[in-house]
Amino acid sequence: MVTDKSKPNKLILQTKIQVYLHNTMVIKMNAQELRQLFFEFFRLKGHTIVPSAPMVVKNDPTLMFTNAGMNQFKDIFLGNRQPVSRRVANSQKCLRVSGKHNDLEEVGHDTYHHTMFEMLGNWSFGDYFKKEAIEWGWELLVKRLGIPEDRLYATIFEGNREDNVPRDNEAFGYWEKCFSKPEGRILEGSKKDNFWEMGETGPCGPCSEIHVDIRDDEERKKIPGHELVNKGHPYVIEIWNLVFIQYNRRSDGVLEQLPSKHVDTGMGFERLCMVVQGKKSNYDTDIFQPVIKEISAITGKNYGVNEKWDIAMRVVADHLRAVSFSIADGQLPSNNKAGYVIRRILRRAVRYGYNNLGIEEPFIYQLVPVLARTMGNQYPELQSGKEQIAKIIFEEETAFLKTLGKGLKMIERMIADLRKEHKNVLPGKVAFEMYDTFGFPVDLTQLILKENDMHLDFKGFEVEMKNQKERSREDASVEPTDWTIIKDIEGTEFTGYEKTEDEVLITKYRTIKVKGKESCQLVFNKTPFYAESGGQTGDTGQIIAGNEKIAITDTVKENNLVIHITKKLPSDPSAVFTASVDLEKRLMTANNHTATHLIHFALRSVLGNHVEQKGSLVTPDHLRFDFSHFSKLSKGELSKVEELVNSMVRDNHISKVTNGVSMEKAQSMGAMALFGEKYGDTVRVVEFGKSIELCGGTHVEATGTIGIVKIVSEGAIAAGIRRIEAVTASKAEEYINKRLNTVDEIATLIKSTGNIIESVERLIAENSSLKKTIEKFQAQSATIAMKELLEKAVTINNIRFVSGKIETDSPDVLKNIACQIRNSSDNTVLVIGSESLGKANILVMVSDNLVKERNINAATIIKEIAGEINGGGGGQPFLATAGGKNPAGIQRALAKAAGFLQKDSH
RNA sequence: GGGGAAUUAGCUCAGUUGGUCAGAGCACCUGCCUUGCACGCAGGGGGUCAAGGGUUCGACUCCCUUAUUCUCCA
């Protein structure tokens with residue numbers, strides 16, 4: 001019998017935490033216990049504990065990764081969505097590698113920067129405010145976790161006249177009550193540190209940070225802690241930020257009070273562990289130590305002995321987490337966007353392993369099981385996906401080591417070249433090319449140059465880098481104007497499931513300039529247009545008011561806002577419009593989307609339940625489906641899938657759509673949810689026969705509409721991930737007919753009535769044997785022609801002069817003759833001409849000894865005589881060719897060559 | 001999205017300013033010698049030099065378009 005070990009463990013953990021919560025005794029907790037305690041603490045304060053949102057963001061063009069706990073609640077703050085509960089707490093996995101929080105290059109060099117980290121947070125959506133947030137924060141840190149209050153500092157917002165926001169006296173008052181000796185403990189901070197804004201516009205408010213001083217007593221006596229708050233000291237650090245969202249910043253920059261006030265807090269989990277466990281480094285906690293120990297075991301190098309090693313181990317330990325969590329969320333390393341960020345992180349880890357630890361083999365993938373053991377409890381996706389994660393990391397490591405190998409070869413060549421020229425500086429441009437084009441890290445270039453007593457013109461490199469960045473930025477410049485609001489209605493009702501035409505009003509619009517091209521974005525009160533989502537492309541169509549017809553070229557989603565893209569603005573934006581979706585495209589898309597579901601189902605039936613959707617693209621023309629599977633699909637498997645899909649099409653399953661289903665209910669129905677996908681509180685379930693999926697897309701009413709599904713290609717896109725492309729309905733018909741026509745045409749061409757394949761095979765065999773025969777024949781005729789020519793040879797100036805005209809269409813025959821004579825005899829000049837397709841060709845060959853001894857040049861001769869055939873030519877001293885339009889001149893050209901030799905009498 | 005690079009035999013890759021240049025190693029086939037760890041020797045088959053245009057007397061080589069892959073930036 002298999003026993004579920006996690007259950008008794010969970011029970012023990014629960015009891016332990018109960019003890020902690022009702023006891024003021026300070027016990028050192030491990031990370032897992034600490035996290036649970038946080039949840040339990042806030043559960044007792046009436047909070048709902050929600051799971052972490054995926055770290056990889058899918059529906060927000062402004063953000064690739066979740067970089068703060070509040071990301072998943074953005075819609076709530078913006079008023080686009082209602083919360084499930086007004087009090088919520090969780091631990092959110094976050095990744096900070098780009099944008100304003102770009103610490104990537106710091107990570108590893110110190111003991112507290114990370115790419116991926118967990119953020120503990122508690123939220124109030126229009127419920128409690130400053131008083132409770134501050135009191136509970138204090139209670140947890142001081143009373144429950146036993147952090148001595150003489151190590152804590154709180155900051156409050158000093159106020160800002162420009163924004164007309166006063167000093168946060170309210171927060172100050174609550175903090176004053178917390179500290180038993182508040183003097184010097186509550187500090188004021190500026191707008192930069194103590195006023196939080198979501199973006200240029202939108203919800204914002206003052207915040208209050210809690211800092212902790214973990215320095216030794218001696219150090220603390222020397223410099224008072226309050227002087228070091230917010231000064232970047234590694235041991236005086238912020239651990240908790242409490243944000244009080246009470247304003248909305250309008251696009252004119254003015255702040256207005258929000259009707260309901262929110263609390264948004266974020267506490268760095270790794271830092272909290274460090275503080276509670278009495279460590280001086282995040283990497284010394286039990287979050288990282290198991291991984292670091294494993295790195296030691298693999299490399300045979302201990303942590304804490306050599307700073308260079310330590311940096312590399314921290315880099316690897318940190319990046320392993322970032323990469324593994326991303327892959328678990330479905331974001332694989334790739335060559336652009338989010339995938340590229342992940343690739344870069346992994347490569348940075350490989351580089352440090354290579355440079356600092358001397359590892360030239362893939363090794364990071366071996367750390368995945370340890371990570372899964374350490375964090376799999378809280379994040380089960382790590383545990384269940386660990387084999388695949390390891391496999392993907394292994395492939396990436398292998399690929400990058402190969403890139404490094406190639407780069408090393410190149411740099412060795414460059415160093416050799418520099419040596420030859422007695423130089424010792426590699427131009428920045430060259431290093432940049434190595435980096436930019438071949439992905440060879442510049443720090444490695446520098447290192448290798450140094451080993452060879454050379455160095456890099458790093459300034460030159462930076463200049464090139466700057467140019468490249470400017471190029472990209474210029475291109476990416478997007479200049480949106482402010483939204484012009486016509487009707488103050490939040491959100492858009494989607495009516496596209498039932499209709500493809502609707503009466504709509506524009507609620508707001510703006511123009512946007514991308515690369516100098518202007519386009520408009522419209523938001524409606526309701527819309528039949530489906531916005532690009534879940535792999536399905538956005539609808540196109542038109543809106544009409546009066547005589548005016550405006551085309552909608554695309555529909556996209558931004559923060560739950562459905563945006564319709566047009567080339568121009570309607571002359572009267574406040575009119576009532578008839579919005580109609582391009583019906584044909586919509587139906588084609590529906591065919592493909594439903595077919596995608598059927599393919600997904602068929603793949604699972606044929607290959608097994610390890611098949612999971614990894615991505616999909618549904619357009620009117622075709623569909624693409626990526627899924628997890630370990631090997632190439634055999635022809636048999638592919639046809640089985642296709643047969644099953646088509647039989648489901650013929651069964652004409654009627655679509656069954658259920659809206660507003662709870663996640664639990666959907667799962668009990670057996671719906672296939674996408675791993676790492678963010679779903680709303682309730683979901684839409686789409687069924688066709690046995691295929692049940694959570695999906696917001698538009699589908700056919702019955703599968704029969706699809707007509708036929710034809711798989712067009714199957715291939716690999718990453719380790720363990722395969723891609724199928726298919727067409728349906730009329731597109732499938734076109735595809736099949738095109739192929740059949742090709743076969744028909746071939747049959748007609750080869751006049752085959754029986755087995756076409758056999759006929760073609762016979763043709764190929766015949767063709768190759770004929771080719772050989774011709775080659776032989778040509779060689780023979782060339783030999784004969786050559787003999788004839790040689791017999792007519794004359795001697796001019798002690799040189800054997802061979803000339804004549806040869807009947808051939810192929811310049812190769814002339815060349816062949818020339819080569820044979822050149823290899824067989826000295827002291828010869830050959831001039832031959834031929835005529836083909838009304839054009840003249842002449843070739844001149846000069847024996848090597850004549851080139852050397854008598855300075856006779858074939859290229860010079862040919863230039864002299866090419867005029868006779870109205871053409872030009874050139875070549876090397878021993879062989880030259882010319883072509884011209886006048887075949888009649890060949891004889892004169894040959895004669896001229898003879899004359900040239902006579903003249904040239906030395 | 002923008003820049004750069006690559007695409008040559010089944011595989012891994014050479015190919016210098018356009019001109020006897022279509023090559024190497026491995027794999028494959030045949031024969032011989034024999035045989036353990038990449039056996040050795042001799043011979044052989046296999047390529048529309050990614051596809052399509054263009055420039056040229058002549059293009060793997062230069063230019064343009066397309067496809068795929070890699071790489072850097074955003």
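Chain letters run A, B, ... following the sequence lines, proteins first and then strands; every chain starts at 1. As the structure is a computational prediction, the values presented were derived from the model and not from experiment.
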- Query: Are A:R347 and A:E397 close enough, and set up right, to give a salt bridge (Lys or Arg N to Asp or Glu O under 4.0 Å), and what steps lead you there?
  - Reply: CA-CA 7 Å; A:R347 291 190 166 187; A:E397 282 189 89; over 6 Å; no

Could you check how far [atom1] of [X] sits from [atom2] of [N], rounded to whole Å?
X      : N     : atom1 : atom2 : value
A:E433 : B:U71 : CD    : C1'   : 11 Å
A:R471 : B:A74 : CZ    : P     : 12 Å
A:N886 : B:C57 : CG    : C1'   : 15 Å
A:I345 : B:C72 : CD1   : C1'   : 16 Å
A:K406 : B:U12 : NZ    : C1'   : 10 Å
A:I862 : B:U56 : CD1   : P     : 18 Å
A:M410 : B:U71 : CE    : P     : 14 Å
A:E396 : B:U69 : CD    : C1'   : 14 Å

- Query: Does A:F432 or A:G872 map to a spot on RNA chain B nearer the 5' end, using the closest nucleotide for each?
  - Reply: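 By nearest-heavy-atom nucleotide position, the 5'-most residue is A:G872.
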
- Query: How do A:M434 and A:A882 order along RNA chain B: which one's closest nucleotide is nearer the 5' end?
  - Reply: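 The answer here is A:A882.
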
[X] side chain near [Y] side chain, heavy-atom distance below 4.5 Å:
X      : Y      : answer
A:V350 : A:I364 : yes
A:T619 : A:L617 : yes
A:F65  : A:V341 : yes
A:V107 : A:H319 : yes
A:T555 : A:I563 : no

Suppose you measure atom [atom1] in [N] against the same atom in [M]; what distance do you get, rounded to whole Å?
N     : M     : atom1 : result
B:U8  : B:C49 : P     : 11 Å
B:U65 : B:C28 : P     : 43 Å
B:G47 : B:G2  : C1'   : 36 Å
B:G25 : B:U71 : P     : 31 Å
B:A14 : B:C26 : C1'   : 15 Å
B:G54 : B:A59 : C1'   : 11 Å
B:A51 : B:A9  : P     : 10 Å
B:A22 : B:A27 : P     : 26 Å

- Task: Would you check if the side chain of A:S803 reaches a backbone N or O of A:A898 as a donor-acceptor pair within less than 3.5 Å?
- Result: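 No: the side chain of A:S803 does not pair with the backbone of A:A898.
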
Would you say a side-chain N or O of [X] is under 4.0 Å from OP1 or OP2 of [N]?
X      : N     : value
A:R343 : B:U71 : yes
A:Y435 : B:C73 : yes
A:R344 : B:U71 : no

- Task: Under 4.0 Å from any atom of RNA chain B, heavy atoms only: list the residues of residues 457-469 of chain A that qualify, in numerical order.
- Result: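 Going residue by residue through residues 457-469 of chain A, the ones with a heavy atom under 4.0 Å of RNA chain B turn out to be A:M465, A:Q468, A:K469.
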
Could you check whether [X] gets within reach of a base, just the sugar-phosphate, or nothing at all, counting any heavy atom under 4.0 Å?
X      : value
A:G873 : base
A:F440 : nothing
A:G874 : base

- Query: Is a salt bridge present between A:E396 and A:R343, judged by a nitrogen-to-oxygen distance below 4.0 Å?
  - Reply: yes

- Message: From the set B:G4, B:A5, B:C13, return the single nucleotide nearest to any side-chain atom of A:D436.
- Response: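 Nearest nucleotide to the side chain: B:G4.
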
- Task: Measure from the side chain of A:Y340, starting at C-beta and using heavy atoms only, and say which of B:C13, B:U71, B:C72 lies closest.
- Result: B:C72

- Item | Consecutive Watson-Crick or G-U pairs in runs of at least 3, all under 3.5 Å, in which RNA chain B is involved |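 When the pairs of RNA chain B are grouped into runs of at least three, the stems are B:1-7 with B:67-73, B:10-13 with B:23-26, B:28-32 with B:40-44, B:50-54 with B:62-66.
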
- Classify the glycosidic conformation of B:G43 as syn or anti, calling it syn when the angle lies within 90° of 0. anti

- Query: Counting only heavy atoms not in A:E462, do more than 12 sit closer than 6.0 Å to its CD atom?
  - Reply: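 Yes.
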
- Query: Will you find, in the side chains of A:S847 and A:N827, an N or O donor that is under 3.5 Å from an N or O acceptor?
  - Reply: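 No.
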
- List the steps and the verdict of side-chain hydrogen bond (donor to acceptor under 3.5 Å, both in side chains) for A:E868 and A:N886. CA-CA 8 Å; A:E868 298 299 331; A:N886 181 22; over 6 Å; no

